[in-house]
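First comes the structure, then the notes that go with it.
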Amino acid sequence: MLTRGYDLLKSKKLGIVVGFAAAGLLMIGSLQMNFYPAPYAGLAGEDIRFFFDKPSLSHWWFYLLFLCLGVYGINAFLCTLDSVLVRLRARATNLTLYGGSVCHLAFLVTLLAHLVGGLYTTQEKPFTIGESPTPFKDVELRLAGLETTQYPNGMPKEVRAVIKIKKGDKETEQILGYNHPVTLDHGKEEFLLKDYGEAPQGVVLRVAERSHHLALKESLNINGANVQAAGLFMHPSLQRPVVRLVANKEGENPRQVYVTLGETSSKVVEGVQVFFEDIKVSQAVAVGLKENPSVPLALGAVLLFCVGVVLVVIRLVKRIAHQF
């Protein structure tokens, strides 16, 4: 019984059947998502968790596809294993004989990469990278230059942002643009361009007739209190920017004060009149972070496939040369 099951799983006929079945189900799924998009709202990229988090009979094609690809992977693994064992038992030492097996192994790694990517790829909310260093994990990101070209109607044609990446004492440079992400950790982390333009980097506050340039989240001391420029936003009723100041003094609860931009608007903070004089802006890009742990596996699959193809070609060339 076990022998029959093993023979069935490694049979070439089974591989052909499930291979064509997978191709057909992919076609059916594409057509269904195109003509009936409502059940697939929220599906993005290669994320297959969507189908398991929201089980539905309308996704029947995907569940069958998942099963077919699983059987296909087992079939390919057993066929590859059987092929390698036959050659090893025959004590074949010619590496070109293993070219096909290496290609099959690359296919298996590709299937694994798609599975890992579909289950564990995440996309974070966009954040801004400006001319001031932006910390991210163990590196700092900084926008060093921004060039854009436009179509005659004013729509953006090309965006070329120079991103400086500093890790310890080493600084590298990458170009960010549409369809041209910045990558870290051998491609596991990708920064995708979402938008570009100018972004507020700080404010100018006049305190006791003296102007202070503060970056957002930076603080200054006013009468013994640590006053932080905690945030900047547009007040809908005033239609002017408002800075949120948070005053912290030892032994007291934090106090919030909102100051509107302009000479006629001021607030008393810790006994001192504070004016919101200006906003400091600089060029910036908004990026979305995509983390895909399957990228190293995909690169490994490409490398294996190239090695396998080279071995197959060498063997074919040798056979042709031998005939002549």
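Quick caveat, the model's predicted, so the values are computed rather than measured.
Every pair tested for ring-ring contact (aromatic ring centres under 6.0 Å, His included) that includes a residue from residues 196-219 fails, sequence neighbours excluded, so the list is empty. Residue pairs meeting the ring-ring contact (aromatic ring centres under 6.0 Å, His included) criterion with at least one partner in residues 82-107, sequence neighbours excluded, are Tyr72-Phe107.
Distance check, rounded to the nearest 0.5 Å: SG of Cys103 to CG of Leu311 gives 8.0 Å. In this structure, Ile163 CD1 and Leu176 CG are separated by 5.0 Å, a value rounded to the nearest 0.5 Å. Between the CD1 atom of Ile129 and the CD atom of Glu140 there is a distance of 12.0 Å, given to the nearest 0.5 Å. For the atom pair Thr183 OG1 and His180 NE2, the distance stands at 9.0 Å (nearest 0.5 Å). Remark: Lys164 NZ to Glu131 CD distance equals 13.0 Å, nearest 0.5 Å. With rounding to the nearest 0.5 Å, the separation of OG in Ser132 from NZ in Lys280 is 12.5 Å.
Under the salt bridge (Lys or Arg N to Asp or Glu O under 4.0 Å) criterion, Glu147 pairs with no residue, sequence neighbours left out. Residues passing the salt bridge (Lys or Arg N to Asp or Glu O under 4.0 Å) test with Arg315, sequence neighbours excluded: none. Under the salt bridge (Lys or Arg N to Asp or Glu O under 4.0 Å) criterion, Asp53 pairs with no residue at all, not counting sequence neighbours.
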Evaluation steps, salt bridge (charged side-chain N to carboxylate O under 4.0 Å, His left out), between Glu270 and Arg255: CA-CA 10 Å; Glu270 299 301 317; Arg255 295 172 300 284; 2.2 Å; yes
Worked check of salt bridge (charged side-chain N to carboxylate O under 4.0 Å, His left out) between Lys137 and Glu189: CA-CA 11 Å; Lys137 294 185 178 180; Glu189 294 161 341; 2.5 Å; yes
Val269 vs Val227, side chain to side chain contact (heavy atoms under 4.5 Å, CB included): CA-CA, chis, key distance, verdict: CA-CA 9 Å; Val269 180; Val227 180; 4.1 Å; yes
Verdict with supporting geometry, Asp195 and Val287, side chain to side chain contact (heavy atoms under 4.5 Å, CB included): CA-CA 7 Å; Asp195 202 356; Val287 298; over 6 Å; no
Verdict with reasoning, Lys267 to Val274, per side chain to side chain contact (heavy atoms under 4.5 Å, CB included): CA-CA 5 Å; Lys267 291 290 179 67; Val274 175; 5.6 Å; no
Worked check of side chain to side chain contact (heavy atoms under 4.5 Å, CB included) between Val285 and Thr128: CA-CA 6 Å; Val285 290; Thr128 301; over 6 Å; no
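Residue Ile16 shares its hydrophobic cluster (ILVMFWY side chains chained together at separations under 4.5 Å) with Phe20.
Relative ring orientation between Phe50 and His59 is described as tilted, the plane-to-plane angle lying within the 30° to 60° band. Aromatic ring orientation, Phe191 versus Phe136: perpendicular (interplanar angle above 60°, classes split at 30° and 60°).
The shortest side-chain heavy-atom distance between Ser265 and Val259 does not fall under the 4.5 Å cut-off. A 4.5 Å side-chain heavy-atom check between Leu67 and Val18 finds every atom pair outside the cut-off. In this structure, Phe127 and Thr134 have side chains that are in contact, with non-hydrogen atoms separated by less than 4.5 Å. Between Leu25 and Trp60 there is a side-chain heavy-atom pair separated by less than 4.5 Å. Contact annotation: the side chain of Val203 never approaches that of Asp278 to less than 4.5 Å [non-hydrogen atoms, C-beta and beyond]. Residues Met33 and Trp61 meet the side-chain proximity criterion, which asks for heavy atoms closer than 4.5 Å. Looking only at side-chain heavy atoms (C-beta outward), Leu205 and Leu245 come within less than 4.5 Å of each other. Between Phe66 and Ile48, the closest side-chain pair of non-hydrogen atoms falls below 4.5 Å.
A donor-acceptor pair under 3.5 Å is formed between the side chain of Ser11 and the backbone N or O of Leu14. Under the 3.5 Å distance criterion, the side-chain polar atoms of Asn221 are matched with a main-chain donor or acceptor of Gly224. Judged purely by atom type and a 3.5 angstrom limit, Tyr63 uses its side chain to pair as donor or acceptor with the backbone of Phe51. Between the side chain of Arg244 and the main chain of Tyr258, no donor-acceptor pair closer than 3.5 Å is present.
Leu141 is connected to Val182 through a chain of hydrophobic side-chain contacts under 4.5 Å among Ile, Leu, Val, Met, Phe, Trp and Tyr, so both are in one cluster. Hydrophobic clustering (ILVMFWY, side-chain heavy atoms < 4.5 Å, transitive): Ile314 and Leu304 are in distinct clusters. There is no path of hydrophobic side-chain contacts, each under 4.5 Å, that joins Leu97 to Phe305. Connection of Leu184 to Leu193 is established within a shared hydrophobic cluster, with ILVMFWY side chains joined at heavy-atom distances below 4.5 Å, either directly or through further cluster members. Linking Ile, Leu, Val, Met, Phe, Trp and Tyr whenever their side-chain heavy atoms come within less than 4.5 Å leaves Val84 and Val102 in two separate clusters.
Looking only at atom types and distance, the side chain of Glu291 has no donor-acceptor partner in the side chain of Tyr120 under 3.5 Å away. For the residue pair Thr121/Asn292, the side-chain donor-acceptor check at 3.5 Å is satisfied. Judged purely by distance below 3.5 Å, without hydrogens or angles, the side chains of Thr148 and Glu158 never pair a donor atom with an acceptor atom. Side-chain polar atoms of Gln273 and Ser266 form a donor-acceptor pair below 3.5 angstrom.
Considering all non-hydrogen atoms of both residues, Ser58 and Gln32 come closest at O-NE2, 2.5 Å. When all heavy atoms are compared, the tightest approach of Leu192 to Pro181 is CD2-CB, 3.6 Å. Residues Ser219 and Gln228 share a closest heavy-atom pair of OG-CB, 3.2 Å. Here the closest heavy-atom approach between residue Asn75 and residue Gly15 is recorded as OD1-CA, 3.4 Å. Taking every heavy atom of both residues into account, Ala215 and Ala229 meet most closely at O-CB, 4.2 Å. Nearest heavy atoms, Arg49 versus Leu119: CD-O, 2.9 Å.
At most 12 non-hydrogen atoms from other residues, nucleotides or ligands lie less than 6.0 angstrom from CD of Glu250. Within a 6.0 Å radius of CG in Asn253, no more than 12 heavy atoms belonging to other residues, nucleotides or ligands are found. Within 6.0 Å of CZ on Arg160 lie no more than 12 heavy atoms contributed by other residues, nucleotides or ligands. Residue Leu85 places its CG atom among more than 12 non-hydrogen atoms of other residues, nucleotides or ligands, all under 6.0 Å distant.
Contact check on Arg142 versus Glu171 returns a salt bridge, with a Lys/Arg side-chain nitrogen under 4.0 Å from an Asp/Glu carboxylate oxygen.
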